[in-house]
Protein chains: 2
Amino acid sequence: MNDYAEQAQLFKALAHPVRLQILDILRRGAECVCHMEAVLKKRQAYISQQLMTLRDAGLVDSRKDGLNVFYFLVDPDALLPLLEIALGPLEDASRHQLRECVCPHCEAVVVAQN
Amino acid sequence: MNDYAEQAQLFKALAHPVRLQILDILRRGAECVCHMEAVLKKRQAYISQQLMTLRDAGLVDSRKDGLNVFYFLVDPDALLPLLEIALGPLEDASRHQLRECVCPHCEAVVVAQN
DNA sequence: ATACTATATTCAATATTAGGAATATGGAAT
DNA sequence: ATTCCATATTCCTAATATTGAATATAGTAT
């Protein structure tokens, strides 16, 4: 596979609004699937599919943590500049600062910790 | 169309090896279709199709100059940084310095000028 | 063991894209 | 006006992608 084909594959993975939004979440740090479910307001199976596409493209990977599976960028150094161009710079105000999910399922956990 | 969808459209246009190669040519300056024909070694109709896709995506535009149609980047300032990340920096050695085509059809013209 | 929960996979209908062959267009030259 | 040439478009089929519905899995808690 030559360079152009390789890059085309990368862009193909990026060429989807939901996947872009997932990457926009993940560039702020690792997040579990249920979090994305809450943010994207899409069914879990659908998100899982898009995550699989991103994983197949080598952009993200996952690790299991208790009940949840956390996804993260495989190579932030390579991807973040591209995402900055595509999605604009990261603004502090827009960051999800919680390491835990803020989705309905996970929120209880956070609250319980305070 | 929200921001993610818009960006996804852009990436979709980039998600093709031939189109990337065309953009790699055009980031060095405007070129005629016959030039791309010579560089890409693809049939003219096929190149024309890919150019149409790029034009529809708003990435390139064309101007007629005599018999030839020259294509160029619509917004180099926006696109060049993205292409640098995708295709690497522009090297002087790799530039097509001729304003005329170097394809078989055009080479004669260049030679005649010397 | 059972039941629940988070996530993953499979399947199927539909939509889109790739890329070739044939043909059209429109300007220039004669 | 006709021919020629560069480029554009249309049409078609195979391959691939999208997305929803249903179902599977695997780990946890009881």
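The chains referred to below are lettered A, B, ... by the order of the sequence lines, with proteins before strands, and numbering in each begins at 1. Keep in mind that the numbers below use all heavy atoms, side chains included, and drop hydrogens, waters and symmetry copies.
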Undergrad: Heavy atoms only: give me the nearest A/Leu54-A/Ala13 pair and the separation to one decimal.
TA: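 That would be CD2-O, 4.1 Å.
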Undergrad: A/Leu40 has an atom CG; how far is it from atom P of D/dT19, in whole Å?
TA: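 One finds 13 Å between P of D/dT19 and CG of A/Leu40, rounded.
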Undergrad: Can you tell me how far C1' of D/dA8 sits from CZ of B/Arg63, to the nearest Å?
TA: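 The answer, rounded to whole Å, is 19 Å.
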Undergrad: Name all residues meeting the side-chain hydrogen bond (donor to acceptor under 3.5 Å, both in side chains) criterion together with B/Arg43; count only those two or more places apart in sequence or in a different chain, and write none if there are none.
TA: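 B/Arg43: no side-chain hydrogen bond (donor to acceptor under 3.5 Å, both in side chains) contacts found.
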Undergrad: Below 3.5 Å, can you tabulate the donor-acceptor pairs from side chains in residues 69-77 of chain A to any protein atom, sequence neighbours excluded?
TA:
residue	atom	partner	partner atom	Å
A/Tyr71	OH	A/Arg55	NH2	3.3
A/Asp75	OD1	A/Ala78	N	3.3

Undergrad: Could you tell me the separation between the CG atom of B/Leu54 and the C1' atom of D/dT7, rounded to a whole number of Å?
TA: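 Going from B/Leu54 (CG) to D/dT7 (C1'), I get 16 Å.
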Undergrad: Scan residues 7-27 of chain B for pairs that pass ring-ring contact (aromatic ring centres under 6.0 Å, His included), counting only residues two or more places apart or in two chains.
TA: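 Every ring-ring contact (aromatic ring centres under 6.0 Å, His included) pair that includes a residue of residues 7-27 of chain B, provided the two are not neighbours, is A/Phe11-B/Phe11.
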Undergrad: Could you run through nucleotides 17-30 of chain C and give me one letter per nucleotide, 5' to 3': B if any protein heavy atom sits under 4.0 Å from the base, S if only the sugar-phosphate is that close, - if neither?
TA: SSBBBB----SS--
Undergrad: What is the separation between atom CG on A/Asp65 and atom P on D/dG27, rounded to the nearest whole Å?
TA: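 The distance from CG of A/Asp65 to P of D/dG27 comes to 14 Å, rounded to the nearest Å.
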Undergrad: The criterion is side-chain hydrogen bond (donor to acceptor under 3.5 Å, both in side chains); which residues satisfy it with B/Gln50, sequence neighbours excluded?
TA: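 B/Gln50 satisfies side-chain hydrogen bond (donor to acceptor under 3.5 Å, both in side chains) with B/Arg19, B/Tyr46 only.
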Undergrad: What is the distance, to the nearest angstrom, from the CD atom on A/Glu31 to the C1' atom on C/dT7?
TA: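 It works out to 16 Å between those atoms.
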Undergrad: Taking the side chain of B/Arg55 as heavy atoms from C-beta outward, which of D/dT9, D/dT7, C/dA8 is closest to it?
TA: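 The nucleotide sitting nearest to the side chain is D/dT9.
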Undergrad: Nearest whole Å is fine: how far is D/dC4 C1' from B/Asn68 CG?
TA: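 It is 14 Å, rounded to the nearest whole Å.
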Undergrad: Please state how far atom CD1 in B/Ile22 lies from atom P in D/dT7, giving the value in whole angstrom units.
TA: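 Result: 13 Å.
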Undergrad: Just to verify, what does A/Ile85 make a side-chain contact (heavy atoms from CB on, under 4.5 Å) with, not counting sequence neighbours?
TA: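 With sequence neighbours excluded, A/Ile85 shows a side-chain contact (heavy atoms from CB on, under 4.5 Å) to B/Pro81, B/Leu82, B/Ile85, given in chain and number order.
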Undergrad: What is the distance, rounded to the nearest whole Å, between atom CE of B/Met52 and atom P of D/dC11?
TA: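 In whole Å, D/dC11 P lies 12 Å from B/Met52 CE.
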